Each structure stands twice: as C-alpha cells, then as structure tokens.
Amino acid sequence: MSTNDYPGDIPATEFREAMHRTADMLADYLENVGEYRVVPKVSPGDVRRQLPAEPPTQPEPLGQILDDYKRLIEPNTTHWNHPGFMAYFGITGSGPGIIGEALSAGLNLNAMLWRTGPAATELEELVCDWLRQMIGLPETFRGHINDTASIASLICMAAARHRLPEHDIRNRGMAGRDDLPTLTVYASEHAHSSIDKAAITLGIGLNNLRRICVDDEFRMDVEALEAAVSADRTAGRRPVCVVATVGTTSTTSVDPLGPIAEVCQREGMWLHVDAAYAGSAAICPEYRALMPGLDQADSIVLNPHKWLFTPVDCSVLLVRDAELVKGAFSVVPEYLRTEDAGVTNLMDYGVQLGRRFRALKLWMVIRAFGVKGLQERIRYHCALGREFAEWVAAEPGFELCAPVPFSTVCFRAVPDLPPEEQDRFSERLLAEVNAPGPIFLSHTKLRGRYVLRLTVGNLRTTREHVERAWELIRTGSARLWAG
Ligand code: PLP
C-alpha cells in the first residue's frame with residue numbers, strides 16, 4: 001500500500017447510514033425489551049460457539065455486523081433494561097442517557113487535564129454540583145465522576161490514610177515500618193464487598209477491616225463501633241476511617257450517620273458514606289430525611305448508573321475537602337504539565353489518568369427529566385416497593401425480612417417446615433419464579449437465613465410488572481407446596 005492509498009475510517013456515508021439504523025435498532029429494542037426473557041436461556045459457551053474463533057482478515061460491511069448483533073448478541077443478553085428486572089439493584093439506560101453516551105463516544109475525548117477536555121471538565125464539575133444541590137449538601141462538597149462506587153470508596157479510604165501526615169504513607173509506603181501503627185477501618189457487617197476490596201488494595205488488609213455488628217434493622221451498632229475503636233486504640237492501632245452505608249446491598253438499611261459522625265470527629269477518623277444505591281433517593285426531601293447526618297460526612301458516593309437512569313458507568317463522588325484527595329493522588333510528570341491557572345485537572349483526583357466524558361450523559365438525563373421528573377420516578381418506584389411489601393405482609397405463608405425504606409423488599413416463604421427446609425423452599429421458589437422469563441429476582445442471606453429480594457429501580461417497571469412478579473411468586477409457591 002502506498003501512503004496515497006491510506007484508507008482511514010469508514011466512509012462518512014456508511015457511518016451515517018449505520019448510525020441511523022443503530023438509532024432505529026435501539027429505539028425498537030427499548031420499546032420491545034419486555035418481550036424478551038430477562039435472562040436468556042443460554043449455557044456457558046453457547047454464544048462464543050456461534051462466533052468465528054479467528055478475526056476477519058477482510059473488512060466486513062457494517063450492515064452485516066449489525067445483523068449479527070441483532071441475531072447473536074441482543075437476544076443472548078441479560079436485559080437490565082427489562083421492566084421485569086427486579087434483581088440486585090436495577091440499572092436503566094434511559095433515552096437521554098443513551099444519547100449522551102453516544103455523543104461522548106463520538107467526541108472520544110480524554111479529560112485528564114482541563115486543557116485536554118475543557119467542556120468535559122467543566123461540565124463534570126457542574127453536574128456534580130447540580131447533584132450536590134439536589135441532595136441538599138453544603139457548598140463545601142465538590143464532586144467528580146468515577147466509573148464505579150468501588151473505585152470511589154477506594155479513593156476515599158486512600159484520602160483518609162493521607163490525612164495522617166505524621167505517617168507520610170504517600171512517600172514512605174506501609175511496608176517494613178516499625179514506626180507505623182496498624183491502620184484500621186470500620187464498616188458494618190452489611191457494607192458492600194467493595195470495602196473489603198479497597199482494604200485489600202490499599203494494603204490495610206482484611207484483618208484490619210472491622211465488620212461492626214448491626215441492630216434489629218440491619219443498621220450499624222454505634223456502641224459496637226465505639227468499642228471496636230477503643231479496643232484498637234488500646235492495642236496501639238490507628239483507626240482511620242468509617243464507611244457508613246446509606247442503602248446496604250442486602251436490605252437497603254441506613255446506618256445512623258449522625259452518631260457515627262460524632263465518633264469520627266472525636267477519634268479523628270474520616271467518614272465515608274457509601275450511598276451507591278439509595279443516594280439517588282436523597283433527591284426527594286422525604287427520603288433525604290431518612291439519612292440525617294449525611295452532610296456531616298467527609299465523602300459520599302452515589303451511583304446515577306444505579307437509580308438515576310444514566311447508563312453504566314457513572315458514579316459521583318462528593319468530597320468535603322477535595323484538596324485532600326488531590327494531595328493523596330496528584331502526580332504531574334513533565335509531559336502532563338500545563339500552564340492553565342485556576343483550573344481543575346481531573347487526573348489529580350484518583351488512580352487513573354485517562355477518563356471518559358461521563359458528565360455528558362448525566363447532564364442530558366438531569367435536563368431531559370428535570371429534578372421533578374427524576375423525583376417522580378423515584379417516588380413511584382418506592383411506592384411500588386411499599387405496595388409489594390404490603391402484599392407480602394398480608395399473605396399467609398410469607399413474611400417480610402427487613403424494613404422497606406426505599407424500593408427494595410426482602411421476604412421469604414415460611415411454609416410449615418423446619419428452618420433449613422424453609423430456606424430450601426425459598427431457594428427453589430426463586431428458581432421457579434425466574435424460570436419462565438418475564439421476571440428476574442435475586443436473593444441474599446440475612447442472619448444466616450435464605451431471603452428473596454425484589455427491587456424496583458427500572459425506568460420501565462410499572463405496577464403491572466410488580467403484580468406479575470407477585471403472581472409468579474404465589475403460584476410458584478403453591479405449586480412447590482403441592483408437588
Ligand atoms: N456499594 C453498595 C451499597 C452497592 O450496593 C454496590 C453495588 O450494588 C456497590 C457499592 C458497588 O457498586 P459499583 O458496581 O458501582 O462499584
């Protein structure tokens with residue numbers, strides 16, 4: 001090939017045509033996603049077997065690739081956009097969010113520095129500040145966007161460690177130091193596994209992550225926290241950080257932030273709040289009221305990609321003293337030095353250098369739905385969750401297993417059987433409910449007992465879908481009991 005024949009990207013006409021078709025395919029998909037099974041009937045290896053093992057040598061027409069997408073990929077996907085998806089915590093790609101994601105792919109910029117993405121940097125600062133206002137935090141909080149809450153929590157635990165200047169861990173590290181006390185971190189036994197992973201990654205170690213017991217409603221027991229901190233102090237260890245959860249993964253319980261904040265103040269510990277799921281509900285004043293003390297945190301993470309209808313990934317971290325995070329992470333080699341004064345360089349606030357333009361999709365979502373529209377949707381989801389919980393509570397043979405502060409319901413079947421057989425019954429019931437395809441629930445364990453979990457967080461879920469779920473649960477239970 002001579003340099004005159006360089007082919008470059010595909011021709012603009014071909015791109016335009018394929019994008020128009022993609023828009024149609026996506027619109028059709030979102031309109032009809034409810035007709036799929038939520039979880040496809042595939043076995044491991046089924047998808048891969050249908051695809052060529054070797055890459056194509058010659059170019060293939062985009063139309064043909066899109067045909068294969070429609071035939072092989074879309075149907076073999078677990079449909080998180082499905083209105084019957086009520087497992088884990090829902091995520092929904094809304095129209096505005098998808099458009100934002102597509103535009104950001106088109107720009108394909110890397111906002112590591114303000115200079116390399118002025119609009120992306122400033123929009124990120126702006127939308128995080130919108131979200132700060134929406135959840136009623138003071139102006140001292142500043143935000144940036146990460147891929148996931150897991151990374152946000154890791155960043156905050158590193159910042160908490162950096163707030164111990166006497167130990168200079170940033171420069172001296174932690175290994176082989178006689179002068180460094182063992183650092184300890186505290187989270188409830190219901191905190192998310194991402195906190196364990198952060199402790200592993202930061203070299204704190206799982207043995208130094210104290211899992212604090214919870215009360216009857218699965219909230220961190222503050223007296224137990226105080227006792228654990230005190231025992232660590234007595235043993236010469238250095239308590240560094242408490243991770244409180246607003247909306248724990250199993251039950252969506254809310255740790256008592258005010259009393260925990262007092263302990264943190266007294267003990268010189270960082271308070272990080274993991275509000276990955278329920279933080280979105282804080283945009284409604286009545287749900288914010290369930291989280292008193294939120295404004296006393298040092299940092300809060302919430303995931304618009306969970307419950308603010310923004311496609312994955314988009315996790316907003318709001319920090320009271322962003323300079324501390326910068327102090328923990330900023331490294332500026334010569335090749336990244338710029339002369340721009342008074343700007344934010346987002347690379348300074350975490351581990352990774354490169355970053356996608358995630359703010360665009362969140363900006364589109366907040367504008368296209370408006371705060372009021374987002375509140376309406378969250379309220380509707382919570383109302384559906386509460387209504388489902390009422391049906392369960394009123395039904396003989398079933399019981400609720402935890403309070404329902406938001407839109408997630410933990411429940412189980414309680415047939416007249418010994419506890420282990422009841423657990424086995426609920427496990428089989430879950431399989432029975434998920435088998436036909438229109439509904440997908442998940443499970444957890446509470447106090448060692450098997451529990452089913454239904455969560456409403458999907459933009460397309462309506463009362464009709466929750467009724468369908470309840471119908472499948474009741475008939476499934478009757479069938480199992482009979483047979
Ligand atoms: N924190 C809580 C309370 C969660 O429920 C989850 C996931 O469900 C996470 C953190 C992890 O979120 P991510 O996937 O954004 O890391």
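Along the sequence shown, the residues carry numbers beginning at 1. Order of listing sets the numbers, starting from 1, for every ligand and every atom in it. Quick caveat, the model's predicted, so the values are computed rather than measured.
Atom 1 (N) of ligand 1 has Asp274 OD2, 2.6 Å as its closest protein atom, hydrogens excluded (heavy atom only). Looking only at protein heavy atoms, the nearest one to atom 5 (O) of ligand 1 is Thr249 OG1, 2.9 Å. Scanning the protein for heavy atoms near atom 8 (O) of ligand 1, the closest one is Lys306 NZ, 3.2 Å. Nearest to atom 11 (C) of ligand 1 among the protein's heavy atoms is His192 CE1, 3.3 Å.
Those atoms of ligand 1 with a heavy atom of Ala276 less than 4.0 angstrom away are 1 (N), 2 (C), 10 (C). Which parts of ligand 1 touch Phe89 is read off a 4.0 Å heavy-atom cut-off, strictly below it: atoms 5 (O), 8 (O). Residue His305 has at least one heavy-atom neighbour below 4.0 Å for each of these atoms of ligand 1: 15 (O).
Under the 6.0 Å distance and 45° angle rule, Arg367 counts as a cation-pi partner of Trp363.
Side-chain polar atoms of Asp232 and Tyr186 form a donor-acceptor pair below 3.5 angstrom. With hydrogens and angles left out, the side-chain atoms of Trp114 and Thr344 include no donor and acceptor closer than 3.5 Å. Side-chain contact annotation: His272 with Asp274, donor-acceptor N/O pair under 3.5 Å absent. Thr245 and Thr248 form no side-chain donor-acceptor contact under 3.5 Å, judged by distance and modelled atom types alone. Looking at His192 and Ser194, their side chains do bring a donor and an acceptor atom within 3.5 Å of each other. Between the side chains of Tyr349 and Ser330, no donor N or O sits under 3.5 Å from an acceptor N or O.
Considering backbone and side-chain atoms together, Asn303 places an N or O closer than 3.5 Å to an N or O of ligand 1. Inclusion of Ser150 in the set of residues having an N or O under 3.5 Å from an N or O of ligand 1 is warranted. Considering both main-chain and side-chain atoms, Ser194 never comes within under 3.5 Å of ligand 1 through any nitrogen or oxygen pair.
Heavy atoms of Thr148 found under 4.0 angstrom from ligand 1 belong to the backbone as well as the side chain. Contacts with ligand 1 closer than 4.0 Å are made by heavy atoms of both the backbone and the side chain of Ala149.
Checked options Ile145, Leu317, Val319; the residue passing with Cys128 is Ile145 (criterion: side-chain contact (heavy atoms from CB on, under 4.5 Å)).
Under a 4.0 Å N-O distance rule, the pair Arg233/Glu267 qualifies as a salt bridge.
Distances shorter than 4.0 angstrom occur between a heavy atom of Gly247 and an atom of ligand 1.
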